[in-house]
Amino acid sequence: MPNDAHLLFADHVGRFYARQYGFPPMAGRLLGHLFVCDPPQQSIDELGEALLASRSAITGAVKLLENYGIARRTRTAGERMDRVSLNPGSQQPQNFDAALHQEHATLFREGLALLADAPPERRAPLEEMVALAEFLAERLPRLVDEWQAHRDELRTSGRLPGPDDQPPQSPAPTGPEPTTRKRRPS
């Protein structure tokens with residue numbers, strides 16, 4: 001039987017990710033549940049029971065979260081079913097890649113070239129997007145460095161668990177790693 005407080009939290013996460021990132025609500029609900037479920041590795045059937053959802057809805061949500069690199073499937077030797085859990089690497093900043101923003105700037109400059117003879121008010125939105133992308137490309141690497149230093153301080157002080165303090169994960173993920181991943185919402 002699902003825990004009402006966990007289910008409510010999963011619903012809140014589902015609504016947030018649907019509103020902010022366009023996720024299907026079930027994917028957000030699954031993400032919320034994976035943050036609080038015990039044990040941290042769950043079968044598709046266990047997830048369906050906990051979230052009061054069909055097996056197909058859970059499977060679709062798992063696939064989406066896997067594509068974003070947020071969740072992963074693992075299988076213990078001799079076991080015939082996959083277990084789904086959060087991907088431990090997903091708690092690291094994902095959209096802080098300066099190259100992504102440099103690519104945005106290049107793309108927006110291409111649009112500006114198309115509007116070379118246009119009046120300034122027509123060019124203004126693209127010029128602002130170029131400026132924002134260049135700003136982010138310059139600043140985000142420093143922000144990531146600051147975050148990692150801050151995280152290390154929190155770990156040293158005991159306010160955050162260190163990587164060695166995490167509960168053991170299941171063995172290696174099953175199947176090949178996806179070759180293309182969508183950018184995860186930050």
Side-chain angles (χ1 to χ4, degrees), residues 1-97 100 140 143-144 147-148 150-186:
M1 193 67 181
N3 176 317
D4 288 343
H6 287 195
L7 194 55
L8 184 60
F9 173 72
D11 286 341
H12 289 166
V13 173
R15 282 195 297 276
F16 175 82
Y17 273 77
R19 184 178 69 248
Q20 292 298 319
Y21 303 115
F23 273 31
M26 182 51 68
R29 290 180 70 219
L30 175 61
L31 178 60
H33 181 69
L34 289 174
F35 275 117
V36 297
C37 65
D38 186 31
Q41 299 89 20
Q42 302 270 309
S43 71
I44 298 291
D45 290 337
E46 290 168 334
L47 293 168
E49 183 179 326
L51 293 170
L52 306 173
S54 70
R55 182 176 181 77
S56 64
I58 296 297
T59 301
V62 168
K63 286 179 184 177
L64 183 117
L65 294 179
E66 282 180 312
N67 285 338
Y68 279 102
I70 299 171
R72 67 180 188 165
R73 294 181 211 220
T74 56
R75 186 178 294 178
T76 304
E79 209 172 58
R80 293 185 60 189
M81 71 179 141
D82 290 338
R83 300 261 173 205
V84 179
S85 63
L86 289 174
N87 180 357
S90 70
Q91 286 90 25
Q92 298 308 309
Q94 301 293 316
N95 287 339
F96 284 47
D97 182 2
L100 171 69
L140 286 177
L143 187 59
V144 169
W147 158 244
Q148 290 171 344
H150 180 69
R151 181 197 59 206
D152 292 346
E153 288 173 18
L154 292 172
R155 286 178 174 171
T156 301
S157 72
R159 292 184 296 179
L160 269 183
D164 297 333
D165 299 333
Q166 300 296 322
Q169 293 289 326
S170 295
T174 60
E177 278 291 311
T179 55
T180 57
R181 291 207 172 162
K182 297 175 184 169
R183 299 279 180 197
R184 179 172 89 86
S186 56

Between [X] and [Y], is any pair of side-chain heavy atoms under 4.5 Å apart?
X     : Y     : value
Val13 : Leu30 : no
Ser85 : Arg72 : yes
Asp82 : Ile44 : no
Leu47 : Leu34 : yes
Ile70 : Phe23 : yes

Nearest 0.5 Å, what's the [atom1]-[atom2] distance between [X] and [Y]?
X      : Y      : atom1 : atom2 : value
Ser56  : Met26  : OG    : CE    : 9.5 Å
Tyr21  : Tyr68  : OH    : OH    : 11.0 Å
Glu66  : Thr59  : CD    : OG1   : 10.0 Å
Leu51  : Ile58  : CG    : CD1   : 4.5 Å
Gln148 : Arg155 : CD    : CZ    : 9.5 Å

Q) Would you say the ring centroid of Phe35 lies under 6.0 angstrom from that of Phe9? A)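 No: the rings miss the under 6.0 Å criterion.
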
Q | Minimum-distance pair of heavy atoms, taken over all atoms of Cys37 and Gln42 | A |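 Looking at all heavy atoms of both residues, the shortest contact is SG-CG, 3.6 Å.
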
Q | Nearest non-hydrogen partners of Leu7 and Ala50, listed with the distance | A |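 Answer, listing the atom of Leu7 first, then Ala50: CD1-O, 3.5 Å.
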
Q | Within residues 29-47 or reaching into it, pairs that qualify as salt bridge (charged side-chain N to carboxylate O under 4.0 Å, His left out) - sequence neighbours excluded | A |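 Qualifying pairs, neighbours excluded: Asp11-Arg29, Asp45-Arg55, Glu46-Arg83.
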
